[in-house]
Amino acid sequence: MKNRFGHHFRALLSEALKQLYSTDINPNDISFQETKKEFSGDITLVVFPFTKFSKKSPEQTAQDLGAYLSENSGLTENFNVVKGFLNISIKNEFWLAYFKDIAHDLKSVLTDDQPKQGAESTLMVEYSSPNTNKPLHLGHVRNNLLGLSVSKILKAAGHKVIMVNLVNDRGVHICKSMLAWQKFGKGETPESSGLKGDHLVGKYYVLYDQKLKEEIAGLVKEGMQQEDAEKNASLSQEVQEMLRKWEANDAEVISLWKKMNSWVYKGFDETYKNLGVSFDKIYYESETYLLGKKIVNEGLEAGAFYKKDDGSVWVDLADAGLDQKVLLRSDGTSVYITQDMGTAQLRFDEYPNLQKLIYVVGNEQDYHFKVLIEIFKKLKRSWAGGLHHLSYGMVDLPSGKMKSREGTVVDADELIKEITESAEMTTKALGKLDNYDDAAAKKLYHDLGMGALKYFILKVDPKKRMLFNPAESIDLNGNTGPFIQYTYARIKSVLAKGAGQLDNKAFESLSISPEEKALIRILYDYPATIRSAAEAMSPAQIANYAYELAKAYNHFYHDHIIVDSADGLRTSFRLNLSQSVAFTIQHALDLLGISAPERM
RNA sequence: GAUCCCGUAGCUCAACUGGAUAGAGCAACUGCCUUCUAAGCAGUAGGUUGCGCGUUCGAGUCGCGCCGGGAUCACCA
């Protein structure tokens with residue numbers, strides 16, 4: 001049971017078991033659940049587990065416990081027993097009292113309900129982490145949306161969160177686009193070509209691959225073996241040479257590298273802005289890739305790692321069920337994981353209060369992070385248990401996997417553009433643009449398009465692989481972002497109509513309809529939903545919650561007149577209820593990075 | 001080959017971590033705008049939860065074995 005009164009009833013039930021059956025059960029081992037809607041009641045206790053103590057039938061046990069709880073809880077209206085299920089109805093007064101609180105100040109209720117956590121619960125979320133050799137694609141979009149939303153949810157749950165990005169700005173793959181531009185670019189720039197910087201650089205990354213393939217094909221035609229041709233192709237040798245020069249700080253190469261990276265960053269900034277993501281701090285791999293060697297040496301001295309005859313350094317993780325892993329090459333240079341060891345150490349040095357370091361990285365790197373965590377356990381770092389890989393599934397297309405070589409990658413910028421245009425078309429077709437100036441209309445299209453996209457991606461459990469169907473992602477009906485946004489705008493419209501009629505708050509005397517009670521119940525669940533979503537690091541829980549709430553509100557809206565001149569108290573109640581729902585929807589959407597338009 | 005993840009309605013996803021008759025949306029069909037936004041509401045239809053054993057009062061959920069899909073197993077990142 002996620003509700004707070006679950007706690008109240010757990011303690012009481014524990015006492016009941018002691019009184020009635022002389023059995024000691026820890027209240028935390030007891031759980032209540034929501035009553036299914038086909039039965040009457042609010043919360044349900046499954047009594048089967050207790051029959052072995054009561055030595056009575058499930059029905060009789062439920063009766064006994066129900067009578068006890070009913071007498072002693074002070075919250076119980078009545079109860080009924082169906083088979084082994086004890087259904088308890090909570091008094092309307094309880095719901096109305098809670099509602100009075102949130103109608104008075106929902107914001108405080110939300111924050112008061114989260115555990116008080118100070119700077120000692122600082123968390124760091126690393127996400128996005130792009131390569132600077134090509135533009136962002138759909139896979140990055142899922143990463144960015146998850147990283148942003150998880151960060152916001154953790155903040156809402158009372159943590160201090162530092163959002164960081166680790167930009168992969170160096171390495172062979174970066175040199176490939178640099179080399180191709182140098183050889184074939186003829187000085188092309190974003191300005192001269194009109195191309196967005198990251199797309200321009202991406203173009204040369206692709207071009208490198210093409211040219212290399214051509215060269216290899218030529219060599220093979222001349223009689224060389226495929227493998228030798230790949231090694232001996234002048235392009236791949238030049239790339240290696242360029243990387244060596246980069247690492248040797250060669251002025252010309254560094255200058256080219258800086259120039260092209262600056263193009264990419266400008267392009268990324270635009271995409272990030274459209275996605276609504278931001279970072280508190282950006283790490284660059286060019287500045288961190290050498291970190292970690294010291295840790296390797298330390299581990300070597302401590303006997304946690306070992307050196308092979310050729311000079312390479314390894315860690316043996318067999319006792320953790322993993323393999324051996326290389327940490328330093330035989331020439332002494334560092335590999336990918338060495339860098340990650342260094343940055344992790346750096347971050348815990350920089351932020352001594354850091355409780356958790358959360359990596360938002362795709363599940364193809366599950367093994368990598370298992371290794372990283374085991375390494376730090378072996379090094380006996382106190383914070384090793386604070387490393388957490390938030391592993392998310394790949395994004396598939398209806399046509400199958402995204403493959404950059406086959407050109408089936410969905411480009412992030414293109415996607416954003418199309419989805420915004422689609423929102424524009426629908427909005428115009430529905431004729432909803434009275435009194436909008438151009439700027440407001442443009443913002444609305446963007447908010448709706450991004451609302452559709454973000455909700456579509458975030459409503460799926462992060463752990464699961466998901467299918468991205470472009471046609472469905474722009475859908476605005478049913479279980480979609482715009483449906484929830486629409487509900488918000490609709491409430492805003494009602495509130496405008498009832499302006500000035502919210503002040504009468506003597507709700508105690510009101511009887512409430514099932515639809516109204518359902519709404520209060522759902523509102524009541526929100527703080528616990530935030531906690532649960534934070535613990536699971538799952539924006540999907542927030543998305544599903546927002547949908548449930550919007551759906552319940554539309555049901556209520558359909559069945560009841562809100563602004564009723566004949567009944568001021570009821571009007572005030574329903575307006576307050578509507579306002580609370582609007583606030584909660586807006587809050588939940590914000591946790592997903594989605595904005596709620598005032599009208600649409 | 002080894003290890004890990006996933007199989008729920010035609011499609012996309014839920015199912016409060018072992019509880020009642022497995023729920024939503026899309027697509028299909030049927031109703032509801034003279035009343036606060038119809039991007040809405042209500043209804044019909046759609047299931048042997050991949051298959052088989054087992055654990056127990058109870059299994060989509062836990063265990064074992066198959067079948068199918070994916071990922072990882074570089075001195076790449």
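By convention in this document, chain letters (A, B, ...) are assigned in the order of the sequence lines, proteins followed by strands, and residues within each chain are numbered from 1.
- A:Arg570 and A:Asp564 are not joined by a salt bridge, as no carboxylate oxygen comes within less than 4.0 angstrom of a charged side-chain nitrogen.
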- Item | Pairing annotation in dot-bracket form, given for RNA chain B with Watson-Crick or G-U pairs under 3.5 Å and | for cross-strand partners | (((((((..((((.....[...)))).(((((.......))))).....(((((..]....))))))))))))....
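- Using a 4.0 Å heavy-atom distance criterion, A:Lys401 is classed as a sugar-phosphate-only contact.
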Are any protein N/O atoms closer than 3.5 Å to N/O atoms in nucleotides 22-27 of chain B? If there are, list each pair with its distance.
residue : atom : partner  : partner atom : Å
B:A24   : O2'  : A:Tyr547 : OH           : 2.9
B:G25   : O2'  : A:Asn479 : N            : 3.2

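- For A:Thr426, whose side chain is taken as the heavy atoms from C-beta onward, the closest listed nucleotide among B:A14, B:A39, B:G19 is B:A39.
- In B:C5 the O4'-C1'-N dihedral to the base is more than 90° from 0, which defines an anti nucleotide.
- A:Ser236 OG to A:Lys176 NZ: the interatomic distance, rounded to the nearest 0.5 Å, is 9.0 Å.
- Listed by chain and number, the residues in a ring-ring contact (aromatic ring centres under 6.0 Å, His included) with A:Tyr205 amount to none (sequence neighbours excluded).
- Here B:A77 is the nucleotide among B:U37, B:A77, B:G40 with the atom lying nearest to any side-chain atom of A:Val335.
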- Item | CA sep, side-chain torsions, deciding dist, call: A:His137, A:His140, ring pair (Phe, Tyr, Trp, His ring centres under 6.0 Å) | CA-CA 5 Å; A:His137 60 66; A:His140 298 113; 4.2 Å; yes
Return the polar atom pairs (N/O with N/O) between nucleotides 32-36 of chain B and the protein under 3.5 Å, or none.
residue : atom : partner  : partner atom : Å
B:C36   : O4'  : A:Lys497 : NZ           : 3.1
B:C36   : O2   : A:Val563 : N            : 3.3
B:C36   : N3   : A:Ile562 : N            : 3.0
B:C36   : N4   : A:Tyr557 : O            : 3.1
B:C36   : N4   : A:His560 : O            : 2.3

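- Classified by its glycosidic torsion, B:U12 falls in the anti category, the angle being over 90° from 0.
- Checked against ring-ring contact (aromatic ring centres under 6.0 Å, His included), A:Tyr289 has the following partners two or more places apart in sequence or in another chain: A:Trp246.
- A centroid separation of 6.0 Å or more is found between the aromatic rings of A:Phe369 and A:His388.
- Closest to the side chain of A:Gln365, out of B:A77, B:C73, B:G19, is B:A77.
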Side chains of residues 468-478 of chain A: which donor-acceptor pairs under 3.5 Å do they make with residues two or more places apart or in other chains?
residue  : atom : partner  : partner atom : Å
A:Asn469 : OD1  : A:Ala471 : N            : 3.0
A:Ser473 : OG   : A:Pro470 : O            : 2.8
A:Asp475 : OD1  : A:Asn477 : N            : 3.2

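- None of A:Arg465, A:Lys401, A:Lys464, A:Arg142 except one satisfies the salt bridge (Lys or Arg N to Asp or Glu O under 4.0 Å) rule with A:Asp396; the exception is A:Arg465.
- A:Asp169 and A:Ser286 are linked by a side-chain donor-acceptor pair at a separation below 3.5 angstrom, with hydrogens and angles left out of the test.
- You'll find that the side chain of A:Val46 is closest to B:G19, out of B:G19, B:A20, B:C13.
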